[in-house]
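One structure below.
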Number of protein chains: 2
Amino acid sequence: MASNSKPATMGLSTKPLYVQVRDALTERIATGAWKPGVAILNEADLARELGVSPGTMRKALDIMEHERLVTRRQGRGTFVNDQSSDELSQRFINVRGPDGERIVGDVKSVEITEGVANEMECMRLRLRTGDRVYRFRRVRFVDEQPFMLVEASVPASLFPGLEKMNDEGRIVGLAKRFGMLLGKAEERISISTASASIAEALSVAPGSPIAVLDRVVEAIDGQPVEWRMAWCQLAENYYLAVMN
Amino acid sequence: MASNSKPATMGLSTKPLYVQVRDALTERIATGAWKPGVAILNEADLARELGVSPGTMRKALDIMEHERLVTRRQGRGTFVNDQSSDELSQRFINVRGPDGERIVGDVKSVEITEGVANEMECMRLRLRTGDRVYRFRRVRFVDEQPFMLVEASVPASLFPGLEKMNDEGRIVGLAKRFGMLLGKAEERISISTASASIAEALSVAPGSPIAVLDRVVEAIDGQPVEWRMAWCQLAENYYLAVMN
DNA sequence: CCAGATTTGTTCGTATGTATC
DNA sequence: CGATACATACGAACAAATCTG
């Protein structure tokens, strides 16, 4: 019981100690203090540094590994994951081709606007009326063919100065640039028929069947950070859903 | 080092001890030795019974909680989950109505046949050519309206005597009856247009857009146990996919 | 409502095994 | 082979939730 002095940096909260440790380490990753790919201090030293027991540090790292923030390898060390790696940045792309590979495509045109959140945006992004959003409209191409029309909205308060950045607006890129870590997402898939404007954007016949994807991505703390509507064909391709 | 004698029941494997403990306890649930809803022995006594430390028992129970086999509540105890409860048995039902509630419906007609697995069944269920399967064909109704046409296949070897059982063929029910615990599932969603036979079964116009669901459910050990194709409308409803 | 018993949750610390370099 | 790092296993003490009398 000698070193029970609640190290000044910790113990201010009612949350379990291992959660506080996780939060502290996650902050280091989000702010860029710990760079992707680099090995972090070993468990025992880290535990000493934060003034917790090795078991508590281990539990915190267990959570972070589960959240895909770090990778641990026996005999080597613990490494910060690169959130812009293919595996992590394509984590929310569930449309797959006949061979099972993800259909990513290239963004060919982007419009960005800013305005007051409408009713739908307020609901999906949990905003209050009057809050502002940035809106993206873009088309994804595969083999020079238009494949998916996307309209995405993000809360303006989370991405200050975004309109000057000339970004293509993928949430993964935005998150990295603004030091935000992404958590889970929910997507609603329904079927509709192509309206005139969608038919034109996707070069299909008006009235042909179209998949409508309605997706909300959350930050690691559970706050919604992107609402996206997408329209695409699913004739050759399929959407892969995994249930655990 | 006194009690390092590898209790006769355990330690025969190369797997970590906590995994062996998990397997042993899981077996008790699968065989019905431990009934759903009943509290199991407390951690300390269980640890003594299996001859492991409390920490190891705790880790095994952590895994089982994560696998939805048990629920633990501080101050009360650890309880075996009822795999036929709504929450668990509807875990693979992702079609939702406008209000977000799951669309379950009632099974109105079932046909069951038995035969040699075709190429597709061999691939999805990881069977060898010549292996046998049971096949179900059923229609789900909502408000007296046909809603979903289902064709499911299961390996005959896993469900001996199934043809005499007059079962409606839901995999959750089969699993419970045969002492099998289910793990994860993958579903491929694509869009097609109603063929003549599907249009008839679902009472829609031939050629109208239809969602095609291609799903494989695995047992807790990762072995595929059901391949299911389903056709349904997604006009009013939507399919909910969660990404972690 | 309180006091005590029971059970899981959290935190601590140590020792040994195993993979990597 | 030795040093290092994570993985496994053990054990103990206290906190927090729950139930009972």
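Keep in mind that what you see is a predicted model, and the values were worked out from it rather than measured. Protein chains get the first letters and strands the later ones, always in sequence-line order, with residue 1 at the start of each.
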Open item on the list: The criterion is side chain to side chain donor-acceptor pair (under 3.5 Å); which residues satisfy it with R170(A), sequence neighbours excluded?
Closed with: none
Open item on the list: In whole Å, I'd like the distance from the CG atom of L46(B) to the P atom of dT6(C).
Closed with: 17 Å
Task: Gap between atoms CD1 and P, on I63(A) and dG9(C) respectively (whole Å) - done: 14 Å
Open item on the list: I want to verify a distance call: between dC12(C), dA7(D), dT11(C), whose nearest atom is closest to the P16(A) side chain?
Closed with: dT11(C)
- [ ] Give the nucleotide from the list dG9(C), dT11(C), dC10(D) with an atom nearest to the side chain of T56(A).
- [x] dT11(C)
Open item on the list: Starting the side chain at C-beta, find the nucleotide from dA5(D), dT11(C), dT8(D) nearest to Y18(B).
Closed with: dT8(D)
TODO: Nearest whole angstrom, please: distance from the P of dT10(C) to the CD of Q20(A).
DONE: 12 Å
Open item on the list: So that I can tick it off, tell me whether R102(B) and D86(B) are bridged by a salt bridge, with the cut-off set at under 4.0 angstrom between side-chain N and carboxylate O.
Closed with: no
Open item on the list: Heavy atoms from C-beta onward define the side chain here; which of dT8(C), dG13(C), dA7(D) lies closest to that of S53(A)?
Closed with: dG13(C)
Task: E187(B)-Y239(B) side chain donor-acceptor pair, cut-off 3.5 Å - done: yes
- [ ] Take K176(A) and D82(A) through the test salt bridge (Lys or Arg N to Asp or Glu O under 4.0 Å) and record every step on the way to the result.
- [x] CA-CA 10 Å; K176(A) 187 178 173 82; D82(A) 182 0; 3.6 Å; yes
TODO: Look only at the side chain of E43(B) and the backbone of G77(B), and say whether a donor-acceptor pair between them is shorter than 3.5 Å.
DONE: no
Open item on the list: Contact between E67(A) and L181(A) at the side-chain level, heavy atoms closer than 4.5 Å - yes or no?
Closed with: no
TODO: With heavy atoms under 4.0 Å as the rule, sort G77(B) into base, sugar-phosphate or nothing.
DONE: sugar-phosphate
- [ ] Taking only the side-chain nitrogens and oxygens of T78(A), find out if one of them lies under 4.0 Å from OP1 or OP2 of dC6(D).
- [x] yes
Task: Minimum-distance nucleotide to N42(A) side chain [options: dT14(C), dA5(D), dA7(D)] - done: dA5(D)
Task: Side-chain N or O of K59(A) closer than 4.0 Å to phosphate OP1/OP2 of dT11(C) - done: no
Task: Spacing between D62(B) atom CG and dA7(D) atom C1', to the nearest angstrom - done: 16 Å
Task: Phosphate contact (dA7(D) OP1 or OP2) by R72(A) side-chain N/O below 4.0 Å - done: yes
- [ ] Would you mind telling me which of dT7(C), dT11(C), dC6(D) lies closest to the side-chain atoms of L17(A)?
- [x] dT11(C)
Report all interatomic pairs (protein N or O, nucleotide N or O of nucleotides 17-19 of chain D) with separations under 3.5 Å.
residue : atom : partner : partner atom : Å
dC19(D) : OP1  : R76(B)  : NE           : 3.2

- [ ] Would you kindly check if the NZ (Lys) or CZ (Arg) of R188(A) is within the cone defined by 45 degrees around the ring axis of Y238(B) and under 6.0 Å from the six-membered ring centre?
- [x] yes
